[in-house]
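Please read the structure below before turning to the comments.
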Amino acid sequence: MREKIAIVFMTLSAVATLVLGGAVVHELGKKTTVQAAVNQPAATGSQPTTSGSAPTSGIQGTQGHTVTSGGQQGTAATNLSTATTGVANGTITVGGIYDETGPFDATVERDTVRSYFQMINAQGGVNGYKFTLVDCDSAYDPTQAHQCAQKLVSQGVLAIVGWLSVSGEQPETSYFTQQGVPIIGGLGVPSEFSSPISFPTNGNFVRYGTAMGAHAVDLNIHKPGIVIVNTNFIQPVQKALQDSLHKHGITESSVNPVDPTKADYTDVVLKLRRENADSIIAGLDPFSYQRLFQAMERQSWFPTVLGLGLDKASANDGYGKAADNAQSLTPVLEPADHMSQAAIKEYYDAVKRYYPSQVPALDVYTEGDWIAAKLFVDAIKKIGTNPINRKSLVDALNSFKNYDTGGLTVPLSYGAGNHDPDKCFQWIQKRSGVWTTYSGWKCF
Amino acid sequence: MGILASGWSLLPSFTVIGLVLGGTYALAAMGLVLIYRVSGVLNFAHGAVAMFSTFIAYQVAVRWHLPSVVGLLAAIAAGMVIGYIVERLTMRPLTGRPALTKVVITIGWLLILQAGAGLIWGATSYHEPVHLVSRSGFRLIGTQVVIGYDQLTTLIVALVFAVATALLLKRTILGTSMRAVADDPDTGKLWGISVNRVTAASWMAGSAMAAVAGVLITPLINFNTYSLTLIVIDAFTAALIGRLTSLPWTFVGAMFLGIAETYPRAFFNGAGVSSLVAFILMLATLAFLFRPGFSRGRTV
Amino acid sequence: MNPATARRASVFAGIVLAVAIPGLMTDYYRSLAALAVIVAILILSLNLLTGFVGQISFCQYTFAGLGAMTVGALSGAQGHHWSFWISMPLGVLFAALGGFLVGIPALRLSGLFLAILTLGVALGADRYLFANGTWNSFTGGVNPRTPSRPTLFGYHLTGQYSFYLFAFVIFLLVALLVWNMRIGKTGRVLRAIRESEVAASTMGLNLVKWKLAAFTVSAAIAGLGGALLAVQIGSVSPASYDFLHSITLAAVVVVAGVGSLASAAIGGLFVWWVPELLNHLGVNAQFFPLILGTLLVTQLVFAPQGGVVKLQHDLGKLLKIGGRRAALEPELAEVL
């Protein structure tokens with residue numbers, strides 16, 4: 001009896017081999033194609049797994065080299081797909097890569113985009129379409145970010161909207177560009193400003209460097225110690241900062257790149273104090289700032305601090321004394337002293353309604369991604385009843401001139417070629433525990 | 001990695017930093033050594049237990065806004081419960097099996113605790129730690145060296161633990177029972193000692209110490225689900241220097257490790273130097289302090 | 001039916017299914033299948049060490065990382081543009097060297113302290129060797145390397161299915177190697193060492209040579225796995241080869257069982273398909289290490305020889321297929 005089972009089994013296997021042997025031979029000669037749209041449920045974050053076509057000629061990114069905006073990446077703009085990728089069954093699916101686990105917490109950016117979509121969906125969507133965001137966790141690992149990118153492309157998302165992957169954005173922007181996937185929003189890394197299908201809504205980090213150098217003069221800084229987080233896009237930012245400082249006659253005492261997981265900043269504080277730095281210019285993530293400020297407090301050393309992205313409420317809880325009167329700058333409107341402004345109210349209300357626990361974590365980057373979601377949906381509105389695909393999306397986005405973000409930023413203009421719409425910052429300072437705007441838009 | 005000429009002048013401050021770091025390691029290592037001495041199991045999940053208990057403290061003190069001390073007590077209770085569960089459910093049934101099996105089980109517990117904390121509180125980095133002691137610093141008299149109150153507390157508590165545990169083992173009945181069980185459980189049974197109870201007690205005590213360590217250490221390092229879990233490895237090295245049996249030597253070893261890891265940072269810019277030192281020290285202790293044939297004397 | 005026929009039939013059937021099924025999948029799942037196969041290769045590397053020499057290692061991914069980063073550094077777009085067929089063997093050799101170096105202190109350490117040593121190696125690599133700033137020309141630092149797929153006999157293996165078949169063939173070759181070692185002289189020697197080092201040395205076996213060889217070959221296989229990972233994903237960064245990956249691998253090996261080909265394959269599937277399943281169900285990804293840890297703990301308390309191996313034994317008993325071959329399976333219980 002058992003022998004019979006085994007024989008039947010082996011026969012079936014042999015038949016299957018013959019049938020599929022042909023398929024194998026056929027397959028080996030074929031090149032892979034991007035998969036058609038598949039309606040994916042919005043997952044609550046996942047460990048990424050690879051998919052789709054592997055990059056054939058290596059992903060050329062602007063990694064680690066000095067980048068000025070204007071470099072072209074691929075000829076994707078001229079052959080954008082008109083397939084209905086990401087648009088099916090009344091749902092428009094976009095994707096995003098987020099550092100959801102590990103040293104960064106970008107779940108708030110993901111939830112901000114989702115809040116906007118849920119707000120729009122609750123109002124009935126756009127022309128009968130509802131929006132959904134597929135997320136993928138890159139866990140501050142550029143390899144996982146790459147796997148995420150491949151997965152999203154294979155799953156067929158219409159575009160990338162409002163992503164935040166600290167180590168993934170710089171390399172994957174060129175991958176998405178090569179694959180013809182438009183990108184809207186993001187952290188503001190240099191490569192996002194040198195792709196014709198990337199539509200940033202935040203300030204360029206390189207420009208942050210220039211702006212901070214110029215602002216240092218106003219703050220009467222003479223000998224700053226620079227502390228910056230070591231990521232794969234920081235080199236041009238550091239250079240811009242140093243160039244700007246030198247141009248204004250300021251020489252830094254030292255430059256200290258640190259790892260985002262650095263736990264104890266006592267050695268940095270001691271070093272800067274020994275160098276008689278009169279201030280600290282810092283480019284860190286919110287929670288690294290916390291550890292820096294705590295080390296300063298332990299050492300009772302309170303020089304002037306100028307940093308970017310300092311106004312995250314949840315991080316401020318742990319800043320302590322060292323951050324009192326700290327200076328920062330923001331390319332988007334500071335919510336803390338503009339809570340009654342309509343656009344800010346809409347933003348906070350939506351996040352409060354759909355993800356209330358994330359409200360304290362809102363910051364510069366979430367606001368940028370909120371604007372990205374808004375821009376995307378408005379582009380879909382502009383397409384109207386015409387077919388919605390990547391080409392029509394890019395054309396719609398490029399048609400936006402002086403796009404009004406409700407005052408959250410200066411009016412944004414896009415168009416053919418690379419995009420760099422948000423060139424302006426406002427100075428803010430933590431006064432009596434509240435982040436206060438004290439300048440108009442300063443453009444660089 | 002450039003060499004800082006100013007390194008020498010930073011030495012006094014860096015000595016303090018090193019001692020504080022050593023205190024951190026010592027705190028983490030105390031419970032570990034206790035558990036090993038009595039039950040023969042090297043608990044790889046020790047840091048994870050500390051981490052989970054600290055999250056309990058966080059939940060109580062930060063989320064529910066109760067006083068920090070209540071959070072600390074909750075953490076200690078949590079540590080004891082976890083220690084008991086691990087011992088009762090997964091160590092006791094495996095009596096007689098080689099130590100390696102039990103170590104692999106603790107790896108399983110490491111995964112469970114880490115994933116569990118990630119599921120309950122989130123696997124991302126930011127959580128505001130429980131501040132038992134104020135963060136402000138004071139200057140050591142006569143020097144330029146400043147130390148934070150929270151840093152000093154870690155050091156003192158580590159020392160207290162070392163002394164207290166040593167006294168517990170030498171002077172109390174429970175402690176004597178523990179040593180008897182460690183040396184020879186069968187004879188211990190003859191004397192009426194409940195081996196099971198004593199072993200469970202050692203796990204509970206060790207895990208409670210881990211909980212205290214966790215709550216004190218987290219303000220000084222990153223508070224997330226993995227930093228504290230990984231500190232167990234540095235604690236291992238300290239414990240290895242103490243030959244896994246001597247608590248005072250573990251304390252000394254931890255101090256030595258802390259200083260050895262910190263001094264290079266005064267001279268070299270790269271952060272990896274500390275890790276290199278730690279690794280070399282671990283290698284050295286494994287190579288020189290443990291000859292082949294070193295055994296605990298029994299398989300539990 | 002006699003056990004040899006049953007064994008051959010099931011292996012044959014397994015191979016057919018493994019080749020055929022991914023042919024029916026979409027590209028995305030094919031790449032998952034390739035990843036599963038590569039992890040199966042890594043599991044085999046650990047099998048070699050655990051099943052034969054009775055040593056457990058928590059740093060296999062470190063060796064895989066050495067292989068992967070060599071390929072990344074030499075074949076990546078940012079590095080040189082050497083062919084995969086040059087960088088891969090170099091990667092394997094480099095990993096083998098790593099295994100050899102770790103094997104030296106491992107000689108005098110037994111189970112528990114060897115575990116600590118390998119843990120220390122994994123963490124030392126994470127925090128120093130692979131850390132940003134130490135050796136950026138090798139690891140890439142903060143910038144990921146991007147090696148491209150190799151070309152085999154004129155076929156550029158960019159297709160997901162073709163690369164899967166390539167990886168599967170390598171898996172079979174490695175499995176053949178490991179199996180050969182097990183039933184051959186090498187296997188007998190290593191098993192003797194595992195059972196009693198004292199007796200083995202009394203019989204004149206050069207313990208040092210054999211244990212070092214086991215470490216070196218095991219690391220070499222892990223390096224091969226890493227090299228394959230590098231080109232499968234197309235991106236190499238140190239974070240993917242860290243301590244947590246190594247202990248996950250060790251946990252999977254214990255859960256699935258040591259010494260069985262099927263257990264290696266199932267282990268590989270487990271690592272890549274369970275998270276995917278969780279994602280599909282919308283469940284938080286953290287459940288994967290939770291499930292793995294729970295399985296590991298319950299496994300060791302109730303079924304120490306490993307789930308798959310136990311299943312095979314039970315199945316064999318059920319079908320009355322047993323015999324001599326089964327006795328050659330190194331039991332995890334003997335190891336742990």
Side-chain angles (χ1 to χ4, degrees), chain B residues 1 41-42 44-45 86 89-91 93-94 97-120 122-123 225-226 229-230 232-234 236-237 240 269-280 282-283 286-287 290-296, chain C residues 54-56 58 104-117 119-135 197 243-244 247-248 250-251 253-255 283-302 304 332-333 335-336:
Chain B
M1 254 185 3
V41 180
L42 204 50
F44 277 28
V86 172
L89 287 185
T90 62
M91 295 292 151
L94 272 74
R97 298 269 274 284
L100 186 56
T101 316
K102 304 188 179 180
V103 163
V104 177
I105 290 184
T106 62
I107 296 273
W109 278 108
L110 187 160
L111 288 171
I112 294 175
L113 287 170
Q114 191 163 326
L119 283 168
I120 303 174
T225 57
Y226 45 89
T229 311
L230 292 182
V232 70
I233 308 303
D234 302 286
F236 273 153
T237 312
L240 285 174
N269 250 331
V273 192
S274 313
S275 315
L276 183 63
V277 167
F279 176 59
I280 292 177
M282 167 184 280
L283 216 55
L286 278 175
F290 291 96
R291 295 289 136 82
F294 176 89
S295 70
R296 268 217 71 259
Chain C
Q55 314 282 12
I56 201 156
F58 291 120
I104 296 175
L107 287 173
R108 26 192 301 161
L109 296 172
S110 67
L112 178 59
F113 298 103
L114 178 65
I116 298 180
L117 172 70
L119 249 178
V121 167
L123 271 171
D126 276 0
R127 292 177 178 176
Y128 179 67
L129 191 62
F130 294 164
N132 181 33
T134 309
W135 194 7
E197 291 198 6
F243 163 71
L244 194 62
I247 63 173
T248 305
V253 164
V254 174
V255 167
V283 169
N284 193 323
Q286 289 288 304
F287 271 104
F288 175 70
L290 186 69
I291 293 172
L292 182 61
T294 313
L295 279 176
L296 179 61
V297 170
T298 49
Q299 184 76 59
L300 282 175
V301 174
F302 297 116
L332 200 66
V335 174
L336 291 182

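Each chain gets a letter, A, B and so on, in the order the sequences are listed, and its residues count up from 1.
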Which portion of [X] sits near chain C, non-hydrogen atoms under 4.5 angstrom:
| X | answer |
| --- | --- |
| B/Ala278 | neither |
| B/Phe44 | side chain |
| B/Ile280 | neither |
| B/Ile107 | both |
| B/Leu230 | both |

> Of the non-hydrogen atoms in B/Trp109 and C/Val297, which two are nearest, and what is the gap between them?
Replying inline: N-CG2, 4.0 Å
> C/Ala285 and C/Pro289: which non-hydrogen atoms are nearest, and at how many Å?
Replying inline: O-CD, 3.6 Å
> Mind checking what makes side-chain contact (heavy atoms from CB on, under 4.5 Å) contact with B/Leu119, not counting sequence neighbours?
Replying inline: C/Asn284, C/Gln286, C/Phe287, C/Leu290
>> My understanding is that only residues two or more places apart in sequence, or in another chain, count here; which of them pass side-chain contact (heavy atoms from CB on, under 4.5 Å) with C/Thr134?
In response: C/Tyr128, C/Ala131
> How long is the span from the OG1 atom in C/Thr298 to the CD1 atom in B/Ile105, to the nearest 0.5 Å?
Replying inline: 9.5 Å
Best-contacting candidate, [options], against chain B by heavy atom pairs under 4.5 angstrom:
| options | answer |
| --- | --- |
| C/Leu123, C/Leu295, C/Thr248 | C/Leu123 |
| C/Leu114, C/Leu129, C/Leu292, C/Val121 | C/Val121 |
| C/Gly124, C/Gly120, C/Ala125 | C/Gly120 |

> With C/Phe58, which of C/Ile247, C/Ile116, C/Leu117 fulfils side chain to side chain contact (heavy atoms under 4.5 Å, CB included)?
Replying inline: C/Ile247
